[in-house]
Amino acid sequence: MCGQFITFEGGEGSGKSTQLARLADYLEKKGYPVVRTREPGGTVLADRIRALILDKTEGATPGAAPMDPKTELFLYLASRAQHIAEVIRPALEAGKIVLCDRFTDATLAYQGAARGLPKAEIESMARFAAQGIAPDHTFLLQMDVSKALARMKARGASNRLDEEALQFHEAVQRGYTALAQAEPKRIVVINANAPIPVVAAQIQEQADAFLS
């Protein structure tokens with residue numbers, strides 16, 4: 001494949017979507033063909049799965065059990081398989097730059113580090129779902145968890161994962177940190193506590209370096 005697959009990772013409220021949009025605008029102005037997408041979601045079917053995953057009323061019916069972590073994992077992987085088949089693989093084969101809000105690193109951080117599912121099993125199933133697709137570069141936006149949650153709360157709307165306890169989000173952060181330490185060449189850690197324009201400039205500089 002001659003395209004480039006760039007992912008944005010980070011906890012809730014870390015600014016991934018904002019920074020992805022800014023980088024997309026920046027690259028498009030330079031003439032690069034860019035595809036913007038997200039996980040879970042990215043296709044009609046994958047978006048339907050996303051709605052189920054993030055529905056905060058899930059398990060709230062009297063007598064209903066909350067979503068099992070394994071169920072959550074399988075839903076994410078099902079969404080990813082469809083996303084790759086419909087969007088990511090065709091775009092990469094066409095030589096485009098794919099910017100994706102979350103990918104397999106999120107699965108390892110959320111369902112692995114935070115939910116406690118075995119890392120080896122997640123990696124095996126994630127590879128199968130990804131069909132040989134892996135990010136070429138990843139921007140990990142790291143932000144003080146309390147600050148990120150406060151930013152998210154100020155937005156008003158929330159989903160099932162947003163409303164998890166502080167300890168859950170801290171575990172996600174630790175999971176991401178471990179991944180960055182294990183793959184420092186692929187994963188670029190960005191201090192998302194800085195002002196948005198400063199963060200954007202850092203990401204653009206890094207993108208210019210590896211795209212050139």
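Please read all numbers here as calculations on a predicted model, not as lab measurements.
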Cluster overlap Ile203 with Val98, hydrophobic side-chain contacts below 4.5 Å: no
Run Glu164 and Arg115 through salt bridge (Lys or Arg N to Asp or Glu O under 4.0 Å) and show every step you take. CA-CA 11 Å; Glu164 289 284 354; Arg115 296 290 190 213; 3.0 Å; yes
Are Val189 and Val199 connected in a single hydrophobic cluster, I mean Ile/Leu/Val/Met/Phe/Trp/Tyr linked by side-chain heavy atoms less than 4.5 Å apart? no
So, the side chain of Arg89 versus the backbone of Gln131: is there a donor-acceptor pair under 3.5 Å, distance only? yes
Could Asp47 and Arg38 be called an ion pair, given the rule that one side-chain N must be under 4.0 Å from one carboxylate O? yes
Does either side chain, that of Gln82 or that of Glu86, offer a donor lying less than 3.5 Å from an acceptor on the other one? yes
Give a yes or no answer on whether the side chain of Arg80 reaches the backbone of Ala129 with a donor-acceptor pair at less than 3.5 Å. no
Closest heavy-atom pair and its distance - Ala192, Arg151: O-NH2, 4.3 Å
Between Gly41 and Ala46, which heavy-atom pair has the shortest distance, and what is it? O-CB, 3.4 Å
Is the closest basic N to carboxylate O distance between Arg36 and Asp25 below 4.0 Å? yes
Minimal non-hydrogen separation, Ala171 against Ala113, with atom names: O-CB, 3.7 Å
Compare all side-chain heavy atoms of Leu75 with those of Leu52 and state whether any distance is below 4.5 angstrom. yes
So CG of Asp144 and CG of Asn191: to nearest 0.5 Å the spacing works out to 10.0 Å
Single-linkage hydrophobic cluster Ile6~Leu108, side-chain heavy atoms < 4.5 angstrom: no
Can you name the closest pair of heavy atoms from Pro90 and Ile84 and give their distance? CD-O, 3.5 Å
Are Ile190 and Ile196 linked, directly or through intermediate hydrophobic residues, by side-chain heavy-atom contacts shorter than 4.5 Å (ILVMFWY only)? no
N/O donor-acceptor pair under 3.5 Å between Ser124 side chain and Glu121 backbone: no
Is the count of non-hydrogen atoms from other residues, nucleotides or ligands lying under 6.0 Å from Lys119 atom NZ greater than 12? no
Any carboxylate oxygen within less than 4.0 angstrom of a Lys/Arg side-chain nitrogen, looking at Arg160 and Glu72? yes
Beyond-backbone contact of Asp101 with Ser17, side-chain heavy atoms, under 4.5 angstrom: yes
Side-chain (Gln173) to main-chain (Met143) donor-acceptor, under 3.5 angstrom: yes
Audit row: Leu140, Val188, side chain to side chain contact (heavy atoms under 4.5 Å, CB included) steps and yes/no: CA-CA 6 Å; Leu140 172 57; Val188 177; over 6 Å; no
Would a 4.5 Å heavy-atom cut-off, applied to side chains only, mark Ile88 and His83 as touching? yes
Is the side chain of Gln111 donor-acceptor paired with the backbone N or O of Leu73 at a distance under 3.5 Å, no angle test? no
Grab the two heavy atoms, one from Ala109 and one from Gly175, that are nearest each other, plus how far apart they are. CB-C, 4.4 Å
Check: Glu12 side chain, Val145 main-chain N or O, donor-acceptor pair, under 3.5 Å: no
State, with a plain yes or no, whether a side-chain heavy atom of Leu99 is found less than 4.5 Å away from one of Val35. no
Checking Ser79 against Glu39: is there a side-chain donor and acceptor pair closer than 3.5 Å? no
Using the side chain to side chain contact (heavy atoms under 4.5 Å, CB included) rule, take Arg186 and Asp105 through it: C-alpha gap first, then chi angles, then the decisive distance, then the call. CA-CA 11 Å; Arg186 172 177 67 87; Asp105 292 316; 2.8 Å; yes
Sub-4.5 Å side-chain heavy-atom contact between Leu211 and His137: no
How close do Cys100 and Leu20 get, counting heavy atoms only, and between which atoms? C-CD1, 3.6 Å
For a 4.5 angstrom cut-off between non-hydrogen side-chain atoms, does Phe139 reach Leu23? yes
Which value, rounded to the nearest 0.5 Å, describes the distance between Tyr26 atom OH and Arg22 atom CZ? 13.5 Å
Any non-hydrogen side-chain atom of Thr138 less than 4.5 Å from a side-chain atom of Glu183? no
Can you check side chain to side chain donor-acceptor pair (under 3.5 Å) on Ser14 and Gln142, steps first, answer last? CA-CA 7 Å; Ser14 59; Gln142 292 279 45; over 6 Å; no
Close side-chain approach of Glu205 and Gln202, heavy atoms under 4.5 Å: no
Are the aromatic rings of Tyr110 and Tyr76 close, with centres under 6.0 Å apart? no
Between Lys153 and Asp162, does a salt bridge (Lys or Arg N to Asp or Glu O under 4.0 Å) hold up when you go through it step by step? CA-CA 9 Å; Lys153 187 175 181 180; Asp162 293 340; over 6 Å; no
Assess whether atom CZ of Phe128 is packed by more than 12 heavy atoms of other residues, nucleotides or ligands within 6.0 Å. no
Is Val87 reachable from Leu27 through a run of I, L, V, M, F, W or Y residues, each pair having side-chain heavy atoms under 4.5 Å apart? no
Cationic tip of Arg102 within the cone over Phe8's six-membered ring, i.e. under 6.0 Å and within 45° of the normal? no
If you measure only the distance, is there a donor-acceptor pair under 3.5 Å linking the side chains of Gln181 and Tyr176? no
Taking only Lys NZ, Arg NE, NH1 and NH2, and the carboxylate oxygens of Asp or Glu, determine whether Glu9 and Lys16 approach each other closer than 4.0 Å. no
